[in-house]
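Taking it in order: structure first as structure tokens, then the write-up.
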Amino acid sequence: MSPTPPINLSVVIPVYNEEGNLPTLFSRLYPVLDALGRSYEIIFTNDGSADRSCELLAVQHAARPDVTRVIEFNANYGQHMAIMAAFERVRGEVIITLDADLQNPPEEIPNLLLKTDAGYDCVGGARQNRQDSAFRRYISQLVNWVRRHMTDIQMTDQGCMLRAYSRTVVDGIIRSGAVNTFIPALAYSLAQKPTEIPVAHEERHAGTSNYSVYRLIRLNFDLITYFTTAPLQIFTIFAMFCSGCSFLLVIVLGARRLYFGPEEGGIFTLFGILFFLISVCMVGIGLIGEYMGRTYQVVRNRARYHVSHILETAE
Ligand code: UDP
Ligand code: MG
């Protein structure tokens, strides 16, 4: 097989149960990219959708085989693995990621390209007037705060997936072989000249978010644990503080017992302290488990995802 000539732009879109959004996405995205006057490809990864997304993508591939590629997963592996699979196959010099639900307007793509053309290798979108539930926004604020204080990753809006990367950054992401990760943060850590631009944010065009509270917690744990072991260290420091305090308490209680004799009701105070310490231990065990589970996944070295088939571009 002869090597394929490099193209200018690759747009990567993860798709999971987006049948209600795909037709509008196609009708808005392709004209924007056609108008750029650059060579481009769009790679959709169908992340095990149970609805008609797969058929819609196949029809679109048949309609625009010159610029459309579809990677079909056999099951649902999550948004970041869907992006990773596309990254491993991109041909573009610049790579843009986008959500399929039209929360990231495709019309913003030219603005991202202005920055990559100016030499920035990682251009993040910072969502203006974010159109998500208040709950989601609060979670983001909290995680942003934790990430800012515990890791070296400094960005305004880590959750926005409308981003542009240079080929070098994407190659670095692939080489990292990350199993549980958060692509915008990983890209930032590999970039030499990152920047951010404000981007519009729209309400989900159709359907509901694919992130339940449980998936959101898992994703944010991925973000923190991948980039830092600070939670383990903070826990150790806290555990040292607790053991220091309990040591003092034992001395005080012992002295009290010797001077004043047995006290009424003191046992309940002790139980209170004991329960608190046990709960601290449980949090610690859970935290160590999180890190161990992730280490295990890497050591086990199983395939991160399985591709069932690929629809390639045709000239
Ligand atoms: N997505 C995916 N696999 C998943 C969950 C989501 O490929 O397991 C895709 C989804 O189709 C969309 C993007 O990731 O293109 C963002 O998902 P969603 O809109 O549900 O997340 P939110 O905007 O609520 O963060
Ligand atoms: Mg969305």
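Along the sequence shown, residues carry numbers from 1. First listed ligand is number 1; within each ligand, the first listed atom is number 1. Side-chain atoms are counted along with the backbone in the values below, which use heavy atoms only and exclude waters and symmetry mates.
At a threshold of 4.5 Å between non-hydrogen side-chain atoms, the residues L29 and I13 count as touching. Residues E108 and L162 are in side-chain contact: their nearest non-hydrogen atoms beyond the backbone lie under 4.5 Å apart. Here the side chains of H80 and L219 are in contact, with some heavy-atom distance below 4.5 Å.
Heavy-atom minimum distance, E72 versus C54: OE1-SG, 3.4 Å.
Atom CZ of R28 has more than 12 heavy atoms from other residues, nucleotides or ligands within 6.0 Å.
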Are there any protein N or O atoms under 3.5 Å from the N or O atoms of ligand 1? List them with distances, or say none.
from: ligand 1; atom 1: 3 (N); to: D47; atom 2: OD2; distance (Å): 2.6
from: ligand 1; atom 1: 3 (N); to: Q79; atom 2: N; distance (Å): 3.4
from: ligand 1; atom 1: 8 (O); to: D47; atom 2: OD2; distance (Å): 3.3
from: ligand 1; atom 1: 8 (O); to: N76; atom 2: ND2; distance (Å): 3.1
from: ligand 1; atom 1: 8 (O); to: R215; atom 2: NH1; distance (Å): 3.3
from: ligand 1; atom 1: 8 (O); to: R215; atom 2: NH2; distance (Å): 2.6
from: ligand 1; atom 1: 11 (O); to: Y16; atom 2: N; distance (Å): 2.9
from: ligand 1; atom 1: 11 (O); to: E18; atom 2: OE2; distance (Å): 2.6
from: ligand 1; atom 1: 15 (O); to: P14; atom 2: O; distance (Å): 2.8
from: ligand 1; atom 1: 15 (O); to: A100; atom 2: N; distance (Å): 2.8
from: ligand 1; atom 1: 19 (O); to: D101; atom 2: OD2; distance (Å): 2.6
from: ligand 1; atom 1: 19 (O); to: R204; atom 2: NH2; distance (Å): 3.1
from: ligand 1; atom 1: 20 (O); to: R204; atom 2: NH2; distance (Å): 3.3
from: ligand 1; atom 1: 20 (O); to: N210; atom 2: N; distance (Å): 2.6
from: ligand 1; atom 1: 20 (O); to: N210; atom 2: ND2; distance (Å): 3.1
from: ligand 1; atom 1: 23 (O); to: Q103; atom 2: OE1; distance (Å): 2.8
from: ligand 1; atom 1: 24 (O); to: R136; atom 2: NH1; distance (Å): 3.0
from: ligand 1; atom 1: 24 (O); to: S209; atom 2: OG; distance (Å): 2.5
from: ligand 1; atom 1: 25 (O); to: R136; atom 2: NH2; distance (Å): 2.7

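Because its NZ or CZ atom is not both nearer than 6.0 Å to the ring centre of Y291 and within 45° of the ring axis, R294 does not count as a cation-pi partner of that residue.
Between R137 and D132, none of the side-chain N atoms (NZ, or NE/NH1/NH2) sits under 4.0 Å from a carboxylate O, so this pair counts as no salt bridge. Here R64 pairs with D66 in a salt bridge; the nearest charged N to carboxylate O distance falls below 4.0 Å.
With no hydrogens or angles considered, no side-chain donor-acceptor pair links Q192 and D121 at under 3.5 Å.
By the criterion of a separation under 2.8 Å, the protein N/O/S atoms near the Mg ion (ligand 2) amount to D101 OD2, Q103 OE1.
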